[in-house]
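What follows is a short report on a single structure.
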Amino acid sequence: MDKTYDSPQAAVDDIGDGASLAVGGFGLCGNPMQLISAIHDKGVSGLSVVSNNCGVDDWGLGILLADKRIAKMTSSYVGENKEFARQFLTGELEVELTPQGTLAEKLRAGGCGIAAFFTLAGVGTQVADGGLPQKYHEDGSVAKASEPKETREINGTTYVLEESITTDFGLVHALKGDTHGNLVFDRSARNFNPLAAMAGRVTIAQVEELVQPGELNPDEIHLPGVYVQRVVAVGKDIEKRIEKRTVQPREAYEAAREKLEA
């Protein structure tokens, strides 16, 4: 039952060209950066990646994208990466845009063995009707567009059928984990990491703190170890970036604090 690996490099050693990856993270929060870096250093390419977003130009999945290691990206949000937009619009990258809640459920359902599901999201749009550009030619014309999806009326409401997602590997970052693969996530990092873990046939978790079985309170475990095949400790002293820092004037902060205290 001991699922630990000595290093991120050892944990990703069998990930090869053309592999499909479900990668956790919400913005730059909870990115499995050490695993991503190990894959980058390994030199694999032609990857099909499923993740909420593609990092930024020099962080997260953005480092794989910058070196053109990603062939296809399935995401719900791609607005903070200029290189992503450039590669997509010049025909270098295939992109499947998916509503965020639908993407989350595709990953969860895939991990639960559910082949497809009906949802309201996307009905009456190109998500359901087809024609959404997924790949361009160099001249800007559409090389590949999405196909129409099955719709069905249920109790007077129209729904669209969405197929679930499973991938060769899942890559996730957790605050704590034990050697059996039980994981605890921190705040916003919980948004997509558990779902990416569920969708991967082989899931690799990097954890800031590695503990022994029984040290985690069962009530605090967010993801059971049945979904995790490999665990690697990366420590707490790792770089964590903020995607877009926002601040307010000191005076406004003080006024808001005084109001709360009153």
- request: With rounding to the nearest 0.5 Å, note down the distance linking CG in L47 to CG in D17.
  value: 7.5 Å
message: Quick one, L223 and M198 - any side-chain contact, counting heavy atoms below 4.5 Å?
response: yes
Exercise: identify the closest heavy-atom pair between A22 and L107: CB-CD2, 4.2 Å
query: Okay, side chain of S75, backbone of S51: is any donor-acceptor separation there less than 3.5 Å?
result: yes
message: Just so I know, are the side chains of R69 and I39 near enough to count as touching, which here means a heavy-atom distance under 4.5 Å?
response: no
field: Close side-chain approach of V160 and T102, heavy atoms under 4.5 Å
entry: no
Flag side-chain contact, heavy atom, 4.5 Å: C54 against I70: yes
Gap separating the CG atom of N31 from the CD atom of Q206, nearest 0.5 angstrom: 9.0 Å
message: Does R230 have more than 12 heavy atoms from other residues, nucleotides or ligands lying within 6.0 Å of its CZ?
response: yes
message: For residues 194-212, which residue pairs pass the salt bridge (Lys or Arg N to Asp or Glu O under 4.0 Å) check, not counting sequence neighbours?
response: D168-R201, E208-K240, E209-K236
query: Should L175 and V234 be regarded as members of a common hydrophobic cluster, given that ILVMFWY residues are connected when their side-chain heavy atoms come within less than 4.5 Å of each other, either directly or indirectly?
result: no
query: So F26 and F192, would you call those rings parallel, tilted or perpendicular, with 30° and 60° as cut-offs?
result: parallel
- request: Please name the pair of heavy atoms, one in L183 and one in A205, separated by the smallest distance, quoted to 0.1 Å.
  value: CD1-CB, 3.8 Å
query: Of all heavy-atom pairs between A189 and P194, which one has the smallest distance, and what is that distance?
result: O-CD, 4.3 Å
- prompt: Any sub-3.5 Å donor-acceptor pair from N182's side-chain atoms to G225's backbone N or O?
  reply: yes
- request: Answer yes or no: are there more than 12 heavy-atom neighbours, outside D6 itself, under 6.0 Å from its atom CG?
  value: no
Salt-bridge present (R86, D57; N to O < 4.0 Å): no
- request: Take V231 and H180 through the test side chain to side chain contact (heavy atoms under 4.5 Å, CB included) and record every step on the way to the result.
  value: CA-CA 8 Å; V231 180; H180 287 180; over 6 Å; no
query: Between the side chain of N53 and the main-chain N/O of G27, is any donor-acceptor distance below 3.5 Å?
result: yes
query: Do any N or O atoms from the side chain of K42 and from the backbone of D13 form a donor-acceptor pair under 3.5 angstrom?
result: yes
field: Non-hydrogen atoms of G111 and Y227 that approach each other most closely
entry: O-CE2, 3.7 Å
- line: Interatomic distance, CD@Q87 vs CG@L65, rounded to 0.5 Å, equals 4.0 Å
Stepwise side chain to side chain contact (heavy atoms under 4.5 Å, CB included) test for F117 and K106: CA-CA 8 Å; F117 56 91; K106 278 173 169 280; 4.0 Å; yes
- prompt: How many angstroms lie between atom CG of L171 and atom NE2 of H173, to the nearest 0.5 angstrom?
  reply: 13.0 Å
- request: Measure the shortest side-chain to side-chain distance between V232 and L35 over non-hydrogen atoms and say whether it is less than 4.5 angstrom.
  value: yes
task: Taking atom CD of E163 as the centre, report whether more than 12 heavy atoms of other residues, nucleotides or ligands fall under 6.0 Å from it.
output: no
message: Between N193 and V172 (side chain of the first, backbone of the second, donor and acceptor by atom type, cut-off under 3.5 Å), is there such a pair?
response: no
message: Taking the side chain as everything from C-beta on, heavy atoms only, tell me whether M73 gets closer than 4.5 Å to V78.
response: no
message: Run the side chain to side chain contact (heavy atoms under 4.5 Å, CB included) test on M1 and T179 for me, step by step, so that the C-alpha distance in whole Å, both residues' side-chain angles and the decisive distance to 0.1 Å come before the verdict.
response: CA-CA 7 Å; M1 289 292 292; T179 59; over 6 Å; no
- request: Look only at the side chain of S164 and the backbone of A109, and say whether a donor-acceptor pair between them is shorter than 3.5 Å.
  value: no
message: Applying side chain to side chain contact (heavy atoms under 4.5 Å, CB included) to L21 and L61, what does each step give before you reach the verdict?
response: CA-CA 11 Å; L21 312 175; L61 288 168; 5.8 Å; no
- prompt: Any sub-3.5 Å donor-acceptor pair from K176's side-chain atoms to L216's backbone N or O?
  reply: no
query: Is there a side-chain contact between I63 and M33 (heavy atoms, below 4.5 Å)?
result: yes
query: Does any N or O in the side chain of K3 come within less than 3.5 Å of the main-chain N or O of Q229, such that one atom is a donor and the other an acceptor?
result: no
query: CZ of F118 to OG1 of T158: how many Å apart, nearest 0.5 Å?
result: 11.0 Å
With K68 via salt bridge (Lys or Arg N to Asp or Glu O under 4.0 Å) - residues at least two apart: E92
- prompt: Is Q126 close to L97 at the side-chain level, that is, under 4.5 Å between some pair of heavy atoms?
  reply: no
query: If only atom types and distance count, is the side chain of E162 paired as donor or acceptor with the main-chain N or O of T119 below 3.5 Å?
result: no
task: Keeping to residues at least two apart or across chains, list the salt bridge (Lys or Arg N to Asp or Glu O under 4.0 Å) pairs with something in residues 122-147.
output: E94-K144
message: Between S146 (side chain only) and G131 (backbone N and O only), is there a donor and an acceptor less than 3.5 Å apart?
response: yes
- prompt: How many angstroms lie between atom CZ of F185 and atom CD1 of I221, to the nearest 0.5 angstrom?
  reply: 11.0 Å
field: Heavy-atom pair with the smallest gap, counting every atom of G24 and P32
entry: O-CD, 3.4 Å
